[in-house]
Amino acid sequence: MSEGIILKALSGFYYVDDGSGAPPTACRARGRFRHARISPLVGDRVQFTKLPDGSGSVDEILPRRNQFQRPAVANIDQMVIIASGAIPVTDPFLIDRMISLAAWKGCSSIVCLNKCDLDAAQSLYQIYRSAGFPTLRVSAETGEGIDALAEMIAGKVSAFTGNSGVGKSSILNALEPGFGLPVGAVSDKLGRGRHTTRHVELFRLKNGAIVADTPGFSSFDTEQMEGCRKEDLAATFQEFAPYLDQCQFTGCAHVKEKGCAVLAALKEGKIAPSRHASYVRLYEEAAQRKDWEDKKRGV
């Protein structure tokens with residue numbers, strides 16, 4: 001029996017890399033996983049058996065550090081959120097939802113602003129730098145910032161995500177020339193990219209990084225993404241932290257309450273309006289979910 005990591009899951013096969021440099025082994029999962037309604041995920045550390053015909057079987061899924069439903073990955077160290085100030089312009093709410101989800105799952109976030117050769121995305125840059133997130137400008141076209149991004153992901157497992165058309169696959173191609181990942185053109189009419197990534201897949205880079213290129217999300221499907229309970233949401237907005245214990249009343253929702261220290265910080269310019277607006281929107285979504293929905297999501 002060997003140990004490895006699932007790099008790709010496709011058509012019922014799990015492609016497991018044992019780190020030896022040999023091609024991944026195409027494995028089927030043992031029937032007991034199906035009976036237990038457990039699905040191996042990309043990123044899972046597993047024990048597997050190589051069979052005489054070159055295929056294999058996944059025998060055991062090792063304990064997960066974390067797992068995500070959208071994108072469907074496990075054991076992620078950090079989320080690299082690709083955004084853009086050029087077409088398609090990224091809605092800050094999409095960034096904030098992913099940052100909140102990552103924080104809830106116990107992994108950090110990097111905000112990566114692509115297409116800086118076309119638009120410096122100064123507003124987005126200022127928002128996330130001020131909130132304390134590692135934020136950098138890159139251009140997959142010119143190579144600007146790619147070396148800095150490579151340093152930030154070296155030796156870690158990172159999921160690349162962002163709305164369609166912002167250049168996730170282009171950045172991966174720039175990080176590791178030779179990948180040749182398909183890149184979709186952005187529709188001028190819709191201002192959105194075509195989905196060129198149909199499944200989640202991990203790639204090993206020469207600097208020791210393991211990265212996932214994930215299907216793009218848009219404002220049309222973020223409602224289906226998982227999220228934490230409303231009571232836990234404020235803790236996923238890291239710039240709220242200095243003020244959470246200073247509110248006048250216990251159980252403050254930080255939405256419109258009297259004596260709220262978060263709202264005072266917002267008024268004083270210490271919290272970006274767009275960040276608080278995203279918090280309120282996520283809070284309202286969480287408040288509308290039924291208890292059984294949260295239980296189904298494992299919240």
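Every value quoted in this text rests on a predicted model; they were computed, and no experiment measured them.
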In the structure I gave you, are the side-chain heavy atoms of I95 and L124 within less than 4.5 Å of one another anywhere?
yes
Let me see the working for I81 and C112 under side-chain contact (heavy atoms from CB on, under 4.5 Å), right down to the final yes or no.
CA-CA 6 Å; I81 302 166; C112 180; over 6 Å; no
Does E231 have more than 12 heavy atoms from other residues, nucleotides or ligands lying within 6.0 Å of its CD?
yes
Rounded to the nearest 0.5 Å, the CE atom of M98 sits from the OG atom of S109 at a distance of 7.5 Å
In the structure I gave you, are the side-chain heavy atoms of I171 and V138 within less than 4.5 Å of one another anywhere?
yes
How far does CG of L118 sit from OG of S139, to the nearest 0.5 angstrom?
7.0 Å
May I ask you to decide if A209's main-chain N or O and R204's side chain share a donor-acceptor pair within less than 3.5 Å?
no
Taking the six-membered ring of F160, is the NZ or CZ of K168 close enough (under 6.0 Å from the centre) and on axis enough (within 45°)?
no
pair I153-V80: side-chain heavy atoms closer than 4.5 Å:
yes
Is the closest side-chain heavy-atom distance between L113 and L136 below 4.5 Å?
no
E285 pairs by salt bridge (charged side-chain N to carboxylate O under 4.0 Å, His left out) with which of K230, R229, R97?
R97
CD (Q47) and OG (S2) are apart, to the nearest 0.5 Å, by 9.5 Å
Taking a hydrophobic cluster as the set of Ile, Leu, Val, Met, Phe, Trp and Tyr residues connected by side-chain heavy atoms closer than 4.5 Å, whether directly or through intermediates, do V280 and L282 fall within one such cluster?
yes
Is any side-chain heavy atom of L233 closer than 4.5 Å to one of S100?
yes
Heavy-atom closest pair (D44 atom, S39 atom, distance to 0.1 Å) is OD2-O, 4.4 Å
Is it the case that the side chains of Q238 and R275 hold a donor-acceptor pair, with the cut-off being a distance below 3.5 Å and no angle test?
no
If only atom types and distance count, is the side chain of D18 paired as donor or acceptor with the main-chain N or O of P24 below 3.5 Å?
no
Test V42 against E201 for side-chain contact (heavy atoms from CB on, under 4.5 Å), laying out the working first.
CA-CA 7 Å; V42 170; E201 184 170 354; 6.0 Å; no
Is it true that a side-chain atom of T135 and a backbone atom of F133 form a donor plus acceptor pair closer than 3.5 Å?
yes
Between Q67 and R64, do the side chains contain a donor N or O and an acceptor N or O under 3.5 Å apart?
yes
Under 4.5 Å between side-chain heavy atoms, hopping through other hydrophobics if needed: is there a path connecting L41 to I76?
no
Heavy atoms of V166 and K115 approach each other most closely as O-CE, 3.8 Å
Taken to the nearest 0.5 Å, the spacing of C260 SG from K256 NZ works out to 13.0 Å
Nearest heavy-atom neighbours spanning A22 and D17:
O-OD1, 4.1 Å
Look only at the side chain of S55 and the backbone of L51, and say whether a donor-acceptor pair between them is shorter than 3.5 Å.
no
What are the two closest heavy atoms between A86 and D119, and how far apart are they?
N-CB, 3.9 Å
Heavy-atom donor-acceptor pair, Q246 side chain to P242 backbone, under 3.5 Å:
yes
Could you check whether R28 makes a cation-pi contact with F13, meaning its NZ or CZ is under 6.0 Å from the centre of the six-membered ring and within 45° of the ring axis?
yes
For T161 and I82: C-alpha separation, side-chain torsions, deciding distance, then whether side-chain contact (heavy atoms from CB on, under 4.5 Å) applies.
CA-CA 6 Å; T161 192; I82 312 298; over 6 Å; no
side-chain contact (heavy atoms from CB on, under 4.5 Å) between I146 and L175, worked out:
CA-CA 6 Å; I146 296 298; L175 283 166; 3.8 Å; yes
Evaluation steps, salt bridge (Lys or Arg N to Asp or Glu O under 4.0 Å), between D77 and R65:
CA-CA 9 Å; D77 295 320; R65 173 184 171 182; 2.4 Å; yes
Results of side chain to side chain contact (heavy atoms under 4.5 Å, CB included) for C27 - residues two or more places apart only:
V16, T25, F48, V58
G167 versus N114, closest heavy-atom pair with distance:
CA-ND2, 3.7 Å
Below 4.5 Å, heavy atoms only, C-beta onward: do M79 and I99 meet side chain to side chain?
no
Do I6 and I38 land in one hydrophobic cluster if side-chain heavy atoms of ILVMFWY residues count as linked below 4.5 Å?
yes
Could you give all pairs that pass the ring-ring contact (aromatic ring centres under 6.0 Å, His included) test and reach residues 229-272, with sequence neighbours left out?
F237-F240, F237-Y279, F240-Y279
Less than 4.5 Å apart, side chain to side chain, heavy atoms only: is that true for R137 and Y125?
yes
I want to check something: taking the side chain as every heavy atom from C-beta on, are K8 and L202 in contact at a cut-off of under 4.5 Å?
no
I'd like to know if the side chain of T90 pairs up with that of N163 as donor and acceptor (distance under 3.5 Å, no hydrogens or angles considered).
yes
Heavy-atom pair of closest approach, residues L263 and V255
CD2-O, 3.7 Å
Under 4.0 Å between a side-chain nitrogen and a carboxylate oxygen: does that hold for E60 and R32?
no
Side-chain donor-acceptor pair present, D59, T49, cut-off under 3.5 Å:
yes
